Amino acid sequence: MVWNGFRDWLCPDLGIDLGTANTRIVVRGKGLVVDEPSVVAMEKGSRRVLGQGTAVGRLARQMMGRTPDSITAVQPLRSGSITDFEVCESMLRYLMRKAASQSGGFRPRVVVTVPCELTPVEKHIIFNSVERAGAGRVYLVEQSRAASIGAGLPISEPIANMICDLGSGTSEIAVLSLAEIVAGKSLKVAGDSMDEAIVEYVRREFSLRIGTRTAERLKISIGSAFPLDEELTTEVRGLDIVSSIPRKALITSEQVRAALQEPLGRILEGITSVIERCAPELVADLAETGIVLCGGSAQLRGIDSLLREQLGIPIRIASDPLTTTARGTAICLDHLQHWRGRFESEAA
Ligand SMILES: Nc1ncnc2c1ncn2[C@@H]1O[C@H](COP(=O)(O)OP(=O)(O)OP(=O)(O)O)[C@@H](O)[C@H]1O
Ligand SMILES: [Mg+2]
């Protein structure tokens, strides 16, 4: 016990919510200490991380789309799985050091979230990345389990609870009961797909070429899933697709909503497909307990109203939805001794 306390002091355990857009790290006993975009800036040829390994996160994200030829800003994850192993390892090494500066020669135990439908190979890649980045022991936990724990759902009880973590690369949808995921889906449709749908809409309806960053800004400033009390208008700037000359146009929230219809429809289909896989008793529970939404895309205006109207069950948005899953990993760390069997201490 004393040893554990000493070890915790020297080298605290870490919980990592490894996201496509953002990586968040909690330190046992301290809470959230790192919240940075999952982006790394590096030299193109040597693939050396700029700033002696420190051009990671916010600084690197600012460079995206604006780098000279010799430099590149890379997102090492796509749809929740690692697409660039080396870059992910560099990013995690920097962020883990930032989270726990003192280590006394120990390597921290790390709980890291993974989408529920990853292949064993994809899980292995995440496991190895975290280990090579400096972890002593690695425990993988399903993102939806961490999210529902972070949202304070009573997942150990014999009653169905449903969580949707709507992020940027994936929508993790799951029903949990008696501490197990009884039905779950990792849908590769979330915030990024919404941005891409806006890019496509603006190209089609306005003959303007815009980037995904501009589309994301439009989504956040006037985007919605359900009619607004007062509809909004903003200016969009892009390149005319015929003349290639910069041009601006006015776009309304109704138009952005029309653009978002397709990805939102697919998220809705994903949710209904998970509900359909549940036993009738669990479905009956859901009519009472409803769905809790978290993740950045749960902040889209009116997404709760849309789901409430379409599904006819209660919908609640978790408090501080961006950090729900990371806070869930902090609770997992507190119970690591008892819950060890629930995590995978080795890649499958
Ligand atoms: N106010 C908002 N309205 C709509 N979308 C938003 C808002 N704020 C953030 N987002 C979106 O939330 C997403 C980021 O959320 P989050 O940080 O939960 O993703 P992530 O955890 O990195 O991704 P994933 O879990 O899918 O791997 C981005 O797509 C961003 O555009
Ligand atoms: Mg996430």
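Please read these numbers as outputs of a predicted model, since none were measured by experiment. For ligands, and for the atoms within them, numbers begin at 1 and follow the listed sequence. Nothing fancy with the numbering, it's 1 onward along the sequence.
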Give the single entry among [options] that approaches [atom] most closely by any heavy atom.
atom	options	result
atom 7 (C) of ligand 1	Gly296, Ala147, Pro321	Gly296
atom 27 (O) of ligand 1	Leu260, Thr20, Asp195	Thr20
atom 22 (O) of ligand 1	Thr325, Leu77, Asp35, Asn22	Asn22
atom 14 (C) of ligand 1	Gly295, Ser224, Ser168	Ser168

> Looking only at heavy atoms of Arg24, does any of them come nearer than 4.0 Å to an atom of ligand 1?
Replying inline: yes
>> Quick check on Ser297 - does any of its heavy atoms sit under 4.0 Å from an atom of ligand 1?
In response: yes
I want to know if ligand 1 touches [X] in the polar sense, i.e. an N/O pair below 3.5 angstrom.
X	answer
Lys219	yes
Asp17	no
Leu18	no

Taking only Lys NZ, Arg NE, NH1 and NH2, and the carboxylate oxygens of Asp or Glu, determine whether [X] and [Y] approach each other closer than 4.0 Å.
X	Y	value
Glu36	Lys98	yes
Arg61	Glu216	yes
Asp84	Arg47	yes
Arg257	Glu231	yes

> How does Met194 reach ligand 1, if at all, at less than 4.0 Å between non-hydrogen atoms: by side chain, backbone, both, or neither?
Replying inline: neither
What atoms of ligand 1 come within less than 4.0 Å of a heavy atom belonging to [X]?
X	answer
Gly191	29 (O)
Ala21	20 (P), 22 (O), 23 (O)
Gly169	23 (O), 24 (P), 26 (O)

[atom]: nearest protein contact (heavy atom, Å):
atom	answer
atom 21 (O) of ligand 1	Gly19 CA, 3.8 Å
atom 8 (N) of ligand 1	Gln299 NE2, 3.1 Å
atom 31 (O) of ligand 1	Glu216 OE2, 2.5 Å
atom 25 (O) of ligand 1	Gln143 NE2, 3.3 Å

> Per the side-chain contact (heavy atoms from CB on, under 4.5 Å) rule, which among Leu306, Leu166, Leu264, Leu293 passes with Leu300?
Replying inline: Leu264
> Would you say the side-chain atoms of Thr323 and Arg327 include a donor-acceptor pair closer than 3.5 Å?
Replying inline: yes
> Do Ser46 and Glu43 have side-chain N/O donor and acceptor atoms under 3.5 Å apart?
Replying inline: yes
> Checking side-chain hydrogen bond (donor to acceptor under 3.5 Å, both in side chains) against Gln143, which of Thr325, Asp165, Asp17 comes through?
Replying inline: Asp165
>> When you compare the side chain of Val256 with that of Ile251, does any pair of heavy atoms fall below 4.5 Å?
In response: yes
> Do the non-hydrogen side-chain atoms of Glu122 and Thr119 ever get within less than 4.5 Å of each other?
Replying inline: yes
>> Quick check on Arg277: does its CZ atom have over 12 non-hydrogen neighbours (other residues, nucleotides or ligands) under 6.0 Å away?
In response: yes
